[in-house]
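Structure first, commentary second.
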Amino acid sequence: MASFSAFVVVAITILGLLIQGSSHPQLSSDFYSDICPDLLPIIQRQVQLAVAEERRMGASLLRLFFHDCFVNGCDASVLLDDTPTFTGEKNAAPNKNSIRGFEVIDAIKAAVEEACPGVVSCADILTITARDSVVELGGPYWDVKLGRRDARTASQAAANTSIPPPTNSLDQLITSFHAQGLSVQDMVALSGAHTIGLARCTNFRNRTYHEKNINGFFAKERQERCPRIVGHGDNNLAPLDVQTPTVFDNNYYKKLLGYKGLLHSDQQLFNGGPTDSIVHTYAENPDAFYADFIAAMIKMGDNKPLTGTDGEIRMECRKVNY
(Lines give C-alpha, C1' and ligand atoms only; values in the text may rest on other atoms or scores of the structure.)
Protein backbone atom coordinates (compact mmCIF):
# COMPACT_ATOMS: atom_id res chain seq x y z
CA MET A 1 0.00 0.00 0.00
CA ALA A 2 2.83 2.33 0.90
CA SER A 3 4.60 1.53 -2.34
CA PHE A 4 1.43 2.27 -4.32
CA SER A 5 1.08 5.66 -2.60
CA ALA A 6 4.69 6.46 -3.39
CA PHE A 7 4.04 5.54 -7.01
CA VAL A 8 1.05 7.91 -7.15
CA VAL A 9 3.10 10.76 -5.69
CA VAL A 10 5.87 10.21 -8.21
CA ALA A 11 3.38 9.99 -11.08
CA ILE A 12 1.67 13.22 -10.05
CA THR A 13 5.04 14.95 -9.70
CA ILE A 14 6.11 13.87 -13.17
CA LEU A 15 2.77 14.96 -14.64
CA GLY A 16 3.12 18.34 -12.97
CA LEU A 17 6.59 18.79 -14.41
CA LEU A 18 5.33 17.87 -17.86
CA ILE A 19 2.49 20.37 -17.62
CA GLN A 20 4.85 23.04 -16.32
CA GLY A 21 7.25 22.34 -19.14
CA SER A 22 4.52 22.61 -21.75
CA SER A 23 3.21 25.93 -20.39
CA HIS A 24 6.73 27.39 -20.13
CA PRO A 25 8.59 25.90 -23.08
CA GLN A 26 12.35 26.22 -23.35
CA LEU A 27 14.07 28.36 -25.95
CA SER A 28 15.52 26.39 -28.86
CA SER A 29 17.53 27.10 -31.99
CA ASP A 30 14.96 25.40 -34.23
CA PHE A 31 11.86 27.12 -32.82
CA TYR A 32 10.88 28.63 -36.19
CA SER A 33 12.07 25.78 -38.43
CA ASP A 34 8.54 24.77 -39.40
CA ILE A 35 6.51 27.95 -38.95
CA CYS A 36 8.99 30.39 -40.54
CA PRO A 37 11.74 28.41 -42.30
CA ASP A 38 13.18 31.45 -44.13
CA LEU A 39 13.50 33.59 -41.00
CA LEU A 40 17.28 33.50 -40.58
CA PRO A 41 18.22 34.39 -44.18
CA ILE A 42 15.60 37.17 -44.21
CA ILE A 43 17.12 38.82 -41.14
CA GLN A 44 20.68 38.20 -42.28
CA ARG A 45 19.99 39.99 -45.58
CA GLN A 46 18.44 43.00 -43.85
CA VAL A 47 21.39 43.29 -41.45
CA GLN A 48 23.82 43.05 -44.36
CA LEU A 49 22.02 45.90 -46.11
CA ALA A 50 21.98 48.07 -42.99
CA VAL A 51 25.67 47.51 -42.20
CA ALA A 52 26.66 48.06 -45.82
CA GLU A 53 24.94 51.44 -45.68
CA GLU A 54 26.55 52.36 -42.35
CA ARG A 55 29.19 50.18 -40.68
CA ARG A 56 28.46 51.72 -37.27
CA MET A 57 24.94 50.29 -37.40
CA GLY A 58 26.26 46.83 -36.52
CA ALA A 59 27.40 48.12 -33.13
CA SER A 60 24.13 49.99 -32.62
CA LEU A 61 22.03 46.89 -33.26
CA LEU A 62 24.15 44.84 -30.85
CA ARG A 63 23.75 47.57 -28.23
CA LEU A 64 19.97 47.53 -28.64
CA PHE A 65 19.99 43.88 -27.59
CA PHE A 66 22.07 44.64 -24.48
CA HIS A 67 19.83 47.52 -23.42
CA ASP A 68 16.76 45.37 -23.94
CA CYS A 69 18.03 42.36 -22.00
CA PHE A 70 19.20 44.36 -18.98
CA VAL A 71 15.64 45.57 -18.29
CA ASN A 72 13.42 42.69 -17.19
CA GLY A 73 14.90 40.26 -19.69
CA CYS A 74 15.10 40.15 -23.49
CA ASP A 75 11.48 41.04 -24.25
CA ALA A 76 11.73 43.88 -26.83
CA SER A 77 10.45 46.40 -24.28
CA VAL A 78 13.19 48.79 -25.41
CA LEU A 79 11.49 49.10 -28.81
CA LEU A 80 8.20 50.50 -27.50
CA ASP A 81 7.48 54.15 -28.28
CA ASP A 82 6.09 56.55 -25.71
CA THR A 83 2.43 57.50 -26.15
CA PRO A 84 0.17 59.92 -24.25
CA THR A 85 -0.84 57.01 -22.00
CA PHE A 86 2.34 54.88 -22.03
CA THR A 87 5.93 55.57 -20.97
CA GLY A 88 8.55 53.39 -22.60
CA GLU A 89 12.29 53.02 -22.08
CA LYS A 90 13.63 55.05 -25.00
CA ASN A 91 13.87 58.25 -22.96
CA ALA A 92 15.54 56.67 -19.93
CA ALA A 93 18.90 58.26 -19.14
CA PRO A 94 21.04 55.42 -20.60
CA ASN A 95 18.96 55.39 -23.81
CA LYS A 96 17.99 58.97 -24.66
CA ASN A 97 20.03 60.40 -27.55
CA SER A 98 22.05 57.19 -27.40
CA ILE A 99 20.44 53.97 -28.62
CA ARG A 100 19.57 53.83 -32.30
CA GLY A 101 18.72 51.45 -35.12
CA PHE A 102 14.97 51.35 -34.59
CA GLU A 103 14.29 51.94 -38.28
CA VAL A 104 16.41 48.91 -39.15
CA ILE A 105 14.38 46.75 -36.75
CA ASP A 106 11.19 48.14 -38.35
CA ALA A 107 12.44 47.10 -41.79
CA ILE A 108 13.39 43.64 -40.55
CA LYS A 109 10.02 43.16 -38.86
CA ALA A 110 8.20 44.22 -42.05
CA ALA A 111 10.19 41.73 -44.13
CA VAL A 112 9.56 38.95 -41.61
CA GLU A 113 5.85 39.73 -41.39
CA GLU A 114 5.54 39.55 -45.16
CA ALA A 115 7.01 36.05 -45.13
CA CYS A 116 5.55 34.75 -41.87
CA PRO A 117 2.68 36.88 -40.55
CA GLY A 118 2.15 37.00 -36.81
CA VAL A 119 4.56 34.31 -35.64
CA VAL A 120 7.99 35.88 -35.00
CA SER A 121 8.49 38.09 -31.95
CA CYS A 122 10.36 41.36 -31.95
CA ALA A 123 12.39 39.98 -29.02
CA ASP A 124 13.67 37.13 -31.20
CA ILE A 125 14.33 39.53 -34.07
CA LEU A 126 16.56 41.58 -31.75
CA THR A 127 18.37 38.42 -30.67
CA ILE A 128 19.08 37.25 -34.22
CA THR A 129 19.97 40.76 -35.35
CA ALA A 130 22.58 41.09 -32.59
CA ARG A 131 24.24 37.84 -33.67
CA ASP A 132 24.16 38.75 -37.35
CA SER A 133 25.63 42.18 -36.63
CA VAL A 134 28.59 40.59 -34.86
CA VAL A 135 29.11 38.19 -37.78
CA GLU A 136 28.79 40.95 -40.36
CA LEU A 137 31.59 42.88 -38.62
CA GLY A 138 33.92 39.90 -38.65
CA GLY A 139 33.03 38.27 -35.35
CA PRO A 140 32.02 34.70 -34.50
CA TYR A 141 28.81 32.90 -35.42
CA TRP A 142 26.67 31.00 -32.94
CA ASP A 143 23.27 29.31 -32.94
CA VAL A 144 20.79 31.64 -31.25
CA LYS A 145 18.09 30.24 -28.98
CA LEU A 146 14.60 31.37 -29.95
CA GLY A 147 11.01 31.23 -28.79
CA ARG A 148 10.72 34.49 -26.85
CA ARG A 149 7.57 36.56 -26.82
CA ASP A 150 7.19 40.32 -26.57
CA ALA A 151 6.40 42.34 -23.46
CA ARG A 152 3.26 44.42 -23.29
CA THR A 153 4.89 46.73 -20.77
CA ALA A 154 8.11 48.65 -20.30
CA SER A 155 9.87 50.28 -17.36
CA GLN A 156 11.72 53.55 -17.70
CA ALA A 157 12.58 53.37 -14.00
CA ALA A 158 14.17 49.92 -14.43
CA ALA A 159 16.10 51.13 -17.48
CA ASN A 160 17.48 54.00 -15.41
CA THR A 161 18.70 51.68 -12.67
CA SER A 162 19.55 48.41 -14.45
CA ILE A 163 21.69 49.49 -17.41
CA PRO A 164 25.24 50.13 -16.18
CA PRO A 165 26.46 53.68 -16.93
CA PRO A 166 29.99 54.46 -18.21
CA THR A 167 30.86 55.95 -14.81
CA ASN A 168 30.57 52.62 -12.99
CA SER A 169 33.36 51.25 -10.83
CA LEU A 170 34.40 47.61 -11.15
CA ASP A 171 32.38 46.65 -8.08
CA GLN A 172 29.32 48.40 -9.52
CA LEU A 173 29.77 46.62 -12.85
CA ILE A 174 30.05 43.25 -11.13
CA THR A 175 26.90 43.96 -9.11
CA SER A 176 24.97 45.13 -12.17
CA PHE A 177 25.85 42.08 -14.24
CA HIS A 178 25.26 39.74 -11.30
CA ALA A 179 21.70 41.10 -11.09
CA GLN A 180 21.22 39.73 -14.62
CA GLY A 181 22.53 36.31 -13.63
CA LEU A 182 25.93 37.00 -15.23
CA SER A 183 29.31 36.17 -13.71
CA VAL A 184 32.44 38.32 -13.54
CA GLN A 185 33.85 36.46 -16.54
CA ASP A 186 30.59 37.00 -18.43
CA MET A 187 30.84 40.70 -17.66
CA VAL A 188 34.38 41.02 -18.99
CA ALA A 189 33.53 39.01 -22.11
CA LEU A 190 30.37 40.99 -22.86
CA SER A 191 32.27 44.25 -22.35
CA GLY A 192 34.24 43.18 -25.41
CA ALA A 193 31.25 44.40 -27.44
CA HIS A 194 33.00 47.76 -27.06
CA THR A 195 35.49 46.59 -29.67
CA ILE A 196 32.98 48.16 -32.10
CA GLY A 197 31.01 51.39 -32.02
CA LEU A 198 31.34 54.98 -30.91
CA ALA A 199 30.80 56.93 -27.70
CA ARG A 200 29.70 60.52 -27.11
CA CYS A 201 32.03 63.12 -25.64
CA THR A 202 29.72 63.58 -22.67
CA ASN A 203 30.49 59.97 -21.67
CA PHE A 204 34.29 60.20 -21.82
CA ARG A 205 35.05 63.87 -21.12
CA ASN A 206 35.81 63.41 -17.43
CA ARG A 207 38.07 60.43 -18.09
CA THR A 208 40.21 62.17 -20.68
CA TYR A 209 40.67 65.36 -18.65
CA HIS A 210 40.78 64.16 -15.05
CA GLU A 211 41.67 60.48 -14.68
CA LYS A 212 45.22 59.27 -14.08
CA ASN A 213 45.02 55.69 -15.39
CA ILE A 214 44.99 56.80 -19.02
CA ASN A 215 47.67 56.96 -21.68
CA GLY A 216 48.66 60.63 -22.05
CA PHE A 217 48.85 60.70 -25.84
CA PHE A 218 45.54 58.88 -26.08
CA ALA A 219 43.90 61.39 -23.73
CA LYS A 220 45.14 64.35 -25.77
CA GLU A 221 43.85 62.81 -29.01
CA ARG A 222 40.41 62.38 -27.48
CA GLN A 223 40.43 65.93 -26.09
CA GLU A 224 40.69 67.25 -29.65
CA ARG A 225 37.15 65.98 -30.27
CA CYS A 226 35.83 66.66 -26.79
CA PRO A 227 36.14 70.19 -25.36
CA ARG A 228 36.64 70.49 -21.61
CA ILE A 229 33.56 72.69 -21.06
CA VAL A 230 30.29 70.87 -20.53
CA GLY A 231 27.76 71.76 -23.21
CA HIS A 232 30.42 72.14 -25.92
CA GLY A 233 30.73 69.18 -28.28
CA ASP A 234 28.78 66.89 -25.97
CA ASN A 235 27.60 64.76 -28.88
CA ASN A 236 30.95 64.57 -30.68
CA LEU A 237 31.82 60.94 -31.26
CA ALA A 238 34.98 58.90 -30.75
CA PRO A 239 35.62 55.18 -31.39
CA LEU A 240 35.59 52.84 -28.42
CA ASP A 241 38.38 50.93 -30.18
CA VAL A 242 40.42 53.48 -32.09
CA GLN A 243 42.32 50.87 -34.10
CA THR A 244 39.48 48.78 -35.62
CA PRO A 245 36.19 50.47 -34.63
CA THR A 246 34.09 48.57 -37.19
CA VAL A 247 35.70 45.14 -36.81
CA PHE A 248 34.63 42.71 -34.10
CA ASP A 249 37.99 41.53 -32.74
CA ASN A 250 39.94 41.50 -29.47
CA ASN A 251 41.71 44.84 -29.89
CA TYR A 252 39.50 46.33 -27.17
CA TYR A 253 41.39 44.28 -24.59
CA LYS A 254 44.77 45.13 -26.08
CA LYS A 255 43.93 48.82 -25.70
CA LEU A 256 42.99 48.30 -22.06
CA LEU A 257 46.46 46.87 -21.42
CA GLY A 258 47.87 50.17 -22.70
CA TYR A 259 45.42 52.22 -20.60
CA LYS A 260 43.56 53.36 -23.68
CA GLY A 261 40.06 52.47 -22.56
CA LEU A 262 37.78 55.29 -23.70
CA LEU A 263 35.20 55.01 -20.94
CA HIS A 264 35.85 54.98 -17.21
CA SER A 265 33.98 51.67 -16.95
CA ASP A 266 36.15 50.17 -19.70
CA GLN A 267 39.44 50.81 -17.95
CA GLN A 268 38.04 49.50 -14.69
CA LEU A 269 38.41 46.01 -16.16
CA PHE A 270 42.19 46.48 -16.20
CA ASN A 271 43.16 48.62 -13.28
CA GLY A 272 45.00 46.43 -10.79
CA GLY A 273 41.91 44.44 -9.85
CA PRO A 274 40.61 40.86 -10.06
CA THR A 275 39.62 41.09 -13.73
CA ASP A 276 43.11 42.00 -14.98
CA SER A 277 43.95 38.36 -15.69
CA ILE A 278 40.83 37.88 -17.81
CA VAL A 279 41.68 40.96 -19.86
CA HIS A 280 45.19 39.58 -20.39
CA THR A 281 43.76 36.26 -21.59
CA TYR A 282 41.38 37.88 -24.08
CA ALA A 283 44.08 40.26 -25.36
CA GLU A 284 46.37 37.32 -26.07
CA ASN A 285 43.80 34.75 -27.20
CA PRO A 286 40.94 35.92 -29.47
CA ASP A 287 39.48 32.41 -29.59
CA ALA A 288 39.07 32.43 -25.82
CA PHE A 289 37.32 35.80 -26.05
CA TYR A 290 34.99 34.61 -28.80
CA ALA A 291 34.07 31.42 -26.94
CA ASP A 292 33.32 33.26 -23.71
CA PHE A 293 31.47 36.06 -25.51
CA ILE A 294 29.19 33.54 -27.22
CA ALA A 295 28.51 31.70 -23.96
CA ALA A 296 27.72 34.97 -22.18
CA MET A 297 25.44 36.20 -24.98
CA ILE A 298 23.45 32.96 -24.84
CA LYS A 299 23.30 33.16 -21.04
CA MET A 300 22.09 36.76 -21.14
CA GLY A 301 19.46 35.83 -23.71
CA ASP A 302 18.18 33.05 -21.42
CA ASN A 303 17.46 35.44 -18.56
CA LYS A 304 13.73 35.64 -17.74
CA PRO A 305 12.35 35.18 -21.27
CA LEU A 306 8.63 35.45 -21.92
CA THR A 307 7.52 32.16 -23.47
CA GLY A 308 4.41 30.05 -24.00
CA THR A 309 1.32 32.20 -23.48
CA ASP A 310 3.13 35.05 -21.69
CA GLY A 311 3.38 38.37 -23.49
CA GLU A 312 2.44 38.53 -27.16
CA ILE A 313 3.77 38.54 -30.71
CA ARG A 314 3.66 42.22 -31.66
CA MET A 315 2.51 43.10 -35.14
CA GLU A 316 4.67 46.24 -34.96
CA CYS A 317 7.70 46.40 -32.74
CA ARG A 318 7.06 49.99 -31.62
CA LYS A 319 3.66 49.35 -30.04
CA VAL A 320 1.68 46.64 -28.31
CA ASN A 321 -1.22 44.94 -30.04
CA TYR A 322 -4.73 46.23 -29.37
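In this text, all values refer to a predicted model and were calculated from it rather than measured experimentally.
- Hydrophobic clustering (side-chain heavy atoms under 4.5 Å, transitive across Ile, Leu, Val, Met, Phe, Trp, Tyr) keeps Ile313 apart from Leu40.
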Exercise for the section: Go through Ser191 and Leu269 one step at a time and tell me if the side-chain contact (heavy atoms from CB on, under 4.5 Å) criterion holds. Expected result: CA-CA 9 Å; Ser191 296; Leu269 304 183; 3.6 Å; yes
Practice task
Check the pair Met297 / Leu190 against side-chain contact (heavy atoms from CB on, under 4.5 Å), numbers first and verdict last.
Solution key: CA-CA 7 Å; Met297 285 288 284; Leu190 289 172; 3.7 Å; yes
Ignoring hydrogens and angles, write down the donor-acceptor pairs under 3.5 Å from the side chains of residues 217-229, residues two or more places apart or on other chains.
residue, atom, partner, partner atom, Å
Gln223, NE2, Thr208, O, 2.7

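- In this structure, the side chain of Asn160 engages the main chain of Ala93 through a donor-acceptor pair within 3.5 Å.
- The shortest heavy-atom contact between Thr127 and Lys145 is CG2-O, 4.3 Å.
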Handout entry: Criterion side-chain hydrogen bond (donor to acceptor under 3.5 Å, both in side chains) on Ser183 and Asp186, from CA distance to verdict
Key = CA-CA 5 Å; Ser183 68; Asp186 294 329; 3.0 Å; yes
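- Connection of Trp142 to Leu27 is not established within any shared hydrophobic cluster, with ILVMFWY side chains joined at heavy-atom distances below 4.5 Å, either directly or through further cluster members.
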Exercise for the section: Show your working on side-chain contact (heavy atoms from CB on, under 4.5 Å) between Thr275 and Val184 and close with a plain yes or no. Expected result: CA-CA 8 Å; Thr275 55; Val184 172; 3.5 Å; yes
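- Between Lys90 and Asp81, at least one side-chain nitrogen of the basic residue sits less than 4.0 Å from a carboxylate oxygen of the acidic one, meeting the salt-bridge criterion.
- No side-chain heavy atom of Met187 sits under 4.5 Å from any side-chain heavy atom of Leu182.
- Taking CG of Asp124 as the start and CZ of Phe31 as the end, the distance is 7.0 Å to the nearest 0.5 Å.
- Side chain of Arg314 to backbone of Cys317: a donor-acceptor contact under 3.5 angstrom is found.
- Applying the ring pair (Phe, Tyr, Trp, His ring centres under 6.0 Å) test between Phe293 and each of Tyr253, Tyr252, Phe248 identifies Phe248 as the sole match.
- Open room surrounds NZ on Lys319; 12 or fewer heavy atoms of other groups in view lie less than 6.0 Å from it.
- The line from CZ of Phe65 to CZ of Phe70 is 10.5 Å long, rounded to the nearest 0.5 Å.
- Taken to the nearest 0.5 Å, the CD atom of Gln180 stands 8.5 Å off from the SG atom of Cys74.
- Taking each heavy atom of Ile42 and Ala115 in turn, the nearest pair found is CD1-CB, 3.5 Å.
- Taking CG of Leu146 as the reference point, atom CG of Leu39 lies at 7.0 Å (rounded to 0.5 Å).
- Annotation for His178: atom NE2 does not count as buried by contact number, only 12 or fewer foreign heavy atoms lying within 6.0 Å.
- For Asn236 (side chain) and Arg200 (main-chain N/O), no donor-acceptor pair under 3.5 Å exists by modelled atom type.
- Using a 4.5 Å cut-off on side-chain heavy atoms (C-beta onward), Val104 and Thr129 make no contact.
- Each of His194, Lys260, Lys255, Arg207 was evaluated against Asp266; a single residue qualifies, His194, per the side-chain hydrogen bond (donor to acceptor under 3.5 Å, both in side chains) test.
- Cluster annotation: Leu263 is not connected to Leu173 through the hydrophobic network of ILVMFWY side chains, with a link wherever side-chain heavy atoms come within less than 4.5 Å.
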Exercise for the section: List the steps and the verdict of side-chain hydrogen bond (donor to acceptor under 3.5 Å, both in side chains) for Gln268 and Asn168. Expected result: CA-CA 8 Å; Gln268 289 295 293; Asn168 265 3; over 6 Å; no
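- Residues Asn250 and Thr195 approach most closely at N-OG1, 4.5 Å, considering heavy atoms.
- Following chains of ILVMFWY side-chain contacts shorter than 4.5 Å, one can reach Val120 starting from Leu61, so the two form part of one hydrophobic cluster.
- The environment of Asp34 atom CG is sparse: at most 12 non-hydrogen atoms of other residues, nucleotides or ligands sit within 6.0 angstrom.
- At a cut-off of 3.5 Å, with distance as the only test, no side-chain donor of Asn97 or Asn235 sits close to an acceptor on the other residue.
- In this structure a side-chain-to-backbone donor-acceptor pair under 3.5 Å is missing from Glu136 to Gln48.
- You'll find the side chain of Leu256 reaches within 4.5 Å of the side chain of Gln267, heavy atoms only.
- Summarising the geometry, atom NZ belonging to Lys212 is positioned 15.0 Å from atom OH belonging to Tyr259; distances are rounded to the nearest 0.5 Å.
- Side chain of Asp150 to main chain of Ala123: a donor-acceptor pair is present (N/O by atom type, distance under 3.5 Å, no hydrogens or angles).
- To the nearest 0.5 angstrom, Ile108 atom CD1 is 8.0 Å from Asp132 atom CG.
- A salt bridge does not link Asp143 with Arg131: every distance from a Lys NZ or Arg NE/NH1/NH2 to an Asp or Glu carboxylate oxygen is 4.0 Å or more.
- Taking every heavy atom of both residues into account, Pro274 and Leu170 meet most closely at CD-CD2, 3.7 Å.
- Phe270 and His280 have perpendicular rings, their planes meeting at more than 60° on a 0 to 90° scale where under 30° would count as parallel.
- A salt bridge between Arg318 and Asp106 is present, with a side-chain N of the basic residue lying under 4.0 Å from a carboxylate O of the acidic one.
- When all heavy atoms are compared, the tightest approach of Glu211 to Ile214 is O-CG2, 3.3 Å.
- Using modelled atom types, one side-chain atom of Asp68 and one backbone atom of Ala76 make a donor-acceptor pair closer than 3.5 Å.
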Exercise for the section: Please lay out, stage by stage, how Asp241 and Asp249 fare under the test side-chain contact (heavy atoms from CB on, under 4.5 Å). Expected result: CA-CA 10 Å; Asp241 168 12; Asp249 55 23; 3.7 Å; yes
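- Side-chain contact, Ser169 with Asp171: no donor N or O sits under 3.5 Å from an acceptor N or O.
- In summary, Arg149 and Asp310 do not engage in a salt bridge, as defined by a charged side-chain N under 4.0 Å from a carboxylate O.
- Between Leu257 and Ala283, the shortest heavy-atom distance links the atoms CD1-CB, 3.6 Å.
- Using a 4.5 Å heavy-atom cutoff, the side chains of Pro166 and Phe204 are not in contact.
- No side-chain heavy atom of Phe289 sits less than 4.5 Å from a side-chain heavy atom of Ile294.
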Exercise for the section: Dump the intermediate steps for salt bridge (charged side-chain N to carboxylate O under 4.0 Å, His left out) on Arg205 and Asp234, then the final yes or no. Expected result: CA-CA 8 Å; Arg205 173 184 283 119; Asp234 285 1; 2.7 Å; yes
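- Taking the salt bridge (charged side-chain N to carboxylate O under 4.0 Å, His left out) definition, one finds that Lys109 meets it with Glu113, sequence neighbours left out.
- With a 4.5 Å cut-off on side-chain heavy atoms, Pro164 and Gln172 do not count as touching.
- Under the 4.5 Å side-chain contact rule for hydrophobic residues, Leu240 and Leu64 do not share a cluster.
- The backbone N or O of Ala151 sits nowhere less than 3.5 Å from a side-chain atom of Glu312 that would complete a donor-acceptor pair.
- Although no hydrogens or angles enter the test, the distance criterion places a donor-acceptor pair under 3.5 Å between the side chain of Gln156 and the main chain of Gly88.
- At a threshold of 4.5 Å between non-hydrogen side-chain atoms, the residues Leu126 and Arg148 do not count as touching.
- The shortest side-chain heavy-atom distance between Ser162 and Asn72 does not fall under the 4.5 Å cut-off.
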